[in-house]
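Let me begin by presenting the structure, written as structure tokens, before commenting on it.
Atoms within each ligand, like the ligands themselves, are counted from 1 in listed order.
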Amino acid sequence: MNVLLVGAGGREHALAWKLAQSEGLDTLYAAPGNPGIARHATIAELNVADHRAVIDFIRRQQIGLVVIGPEAPLVDGLADNIRTIGVPVFGPGRAAAQLEGSKGFTKDLCARVGIPTARYFRVTSRDGALACLDDFVADGECRCVIKADGLAAGKGVVVAMSRAEAEAAIAALFADGPAEAVIEEFLEGEEASLFVLSDGTATASFGSAQDHKRVGDGDTGPNTGGMGAYSPAAVLTPELEERALGEIVRPTIDALAAAGTPYVGVLYAGLMLTADGPKLIEYNVRFGDPECQVLMARFDGDLLHTLRAVAEGRLADLPAPAFTPDIALTVVMAAEGYPGTPRTGGTIGGIDAAEATGAIVFQAGTRAQDDAIVAAGGRVLAVTATGASVAEAQAAAYRAVDALDFPTGFCRRDIGWRAIA
Ligand code: AMP
Ligand code: GLY
């Protein structure tokens with residue numbers, strides 16, 4: 001079967017690497033791709049925002065499955081448009097993608113079906129937002145989380161630990177006039193991410209991970225798209241995972257099916273493990289990046305076979321997805337300046353030397369220039385290794401990082417620290 005993979009990041013490099021090992025694969029095409037993805041796939045010269053061009057390509061190349069990596073094309077309805085020609089797609093349609101596209105949509109769905117999540121208000125004006133703050137006062141201090149609606153690449157969230165911080169965030173949010181936002185209760189606990197495959201009705205757990213969102217060691221500095229991750233997340237015990245599936249994920253899948261907008265793809269549940277049990281922080285309608293890199297390093301199955309069963313509504317016929325007992329850990333190498341303006345163009349050497357240590361170097365923001373690979377974005381590489389423990393996987397990943405020659409890049413040196421501590 002010919003497969004088209006949509007996307008250009010480290011997540012898609014990991015998917016391409018694993019799809020390339022699948023038995024049923026004839027040709028893997030990728031659009032727009034990157035030099036890492038090009039090691040496993042034929043790059044298709046396609047503008048993925050032009051859905052008609054994508055459909056023409058699918059017909060011409062006799063594509064039997066389309067795998068959509070990032071959220072933007074999903075929210076944009078690419079999966080719906082491809083399904084109109086009868087080709088199976090791994091990734092939800094526009095309506096179900098609202099789980100990521102609109103925080104208000106998700107919060108309202110949770111309220112309707114009783115899914116545990118932070119108490120919240122939807123607001124559309126500065127005065128309305130300020131009026132909610134009294135509801136989030138505990139022990140004399142106002143603590144809440146202010147979230148702009150819509151896709152914000154992890155940047156639209158402010159955790160306010162005082163009324164002054166909350167008021168400043170609200171002022172910034174409404175500086176340019178009306179906006180849509182959610183203000184919610186601050187939840188205490190450890191965070192974990194759970195990945196679940198859904199073919200619209202059946203679901204299957206697809207592993208857990210823990211991300212490192214802040215740019216600096218010790219979880220300091222501004223938020224990023226993710227500076228590293230490891231899998232599985234030991235804090236999400238089998239009991240807590242079962243609760244999260246039963247109380248959060250399955251009711252969501254059932255509600256979308258009942259609404260006639262079935263969820264087909266992978267659902268990424270960002271969870272807070274509170275004293276009262278798991279609560280939903282947010283949904284993403286795709287694999288995490290860099291969480292996908294660690295999931296693929298551990299997935300012990302045929303990825304094409306699995307994603308195809310999801311896309312064709314046959315998930316219930318498959319055995320439960322299996323993962324190696326290893327810990328996988330990935331360290332993101334970013335370009336200097338990230339998450340502000342990254343310094344692009346820096347040469348990246350030593351990828352072969354890093355991989356000779358046994359690690360895999362997934363490429364994200366890279367581009368080929370003459371015979372070299374250079375940095376072309378904020379997050380540039382995801383250096384991924386496995387080990388029998390988090391400490392071993394961490395040591396292996398940093399051995400590979402140290403074999404790279406990427407002077408304009410940087411990374412955190414403490415990925416996995418919570419689990420190791
Ligand atoms: P989000 O974009 O919704 O994932 O939020 C980004 C980060 O903000 C999360 O990973 C959490 O660390 C934090 N966060 C979001 N919502 C809450 C909440 N209700 N309570 C505590 N922290 C939160
Ligand atoms: N690493 C967080 C995300 O993919 O949203």
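- The Gly288 neighbourhood of ligand 2 comprises atoms 4 (O), with distances under 4.0 Å to a heavy atom of that residue.
- The pair Lys279-Glu247 fails the salt-bridge criterion, with no side-chain N (NZ, NE, NH1 or NH2) lying under 4.0 Å from an Asp/Glu carboxylate O.
- Per-residue contacts place Glu291 under 4.0 angstrom from the following atoms of ligand 2 (heavy atoms of the residue considered): 1 (N), 2 (C), 4 (O).
- Those atoms of ligand 1 with a heavy atom of Glu184 less than 4.0 angstrom away are 16 (N), 17 (C), 18 (C), 19 (N).
- Taking distance alone, with nitrogen or oxygen atoms compared against 3.5 Å, Asp289 approaches ligand 2 more closely than that limit.
- Contact check on Glu355 versus Arg39 returns a salt bridge, with a Lys/Arg side-chain nitrogen under 4.0 Å from an Asp/Glu carboxylate oxygen.
- Per-residue contacts place Asn284 under 4.0 angstrom from the following atoms of ligand 2 (heavy atoms of the residue considered): 5 (O).
- Those atoms of ligand 1 with a heavy atom of Lys147 less than 4.0 angstrom away are 3 (O), 15 (C), 16 (N).
- Remark: distances from the non-hydrogen atoms of Lys279 to ligand 1 are all 4.0 Å or more.
- Ring orientation note: the planes of Phe287 and Phe206 are tilted relative to one another, at an angle of 30° to 60°.
- If you number the atoms of ligand 1 from 1 as listed, the ones under 4.0 Å from a heavy atom of Glu282 come out as 1 (P), 2 (O), 3 (O), 4 (O).
- Between Leu187 and ligand 1, at least one pair of N/O atoms sits closer than 3.5 Å.
- Nearest-heavy-atom check against atom 13 (C) of ligand 1 across Ile183, Val159, Leu280 picks out Val159.
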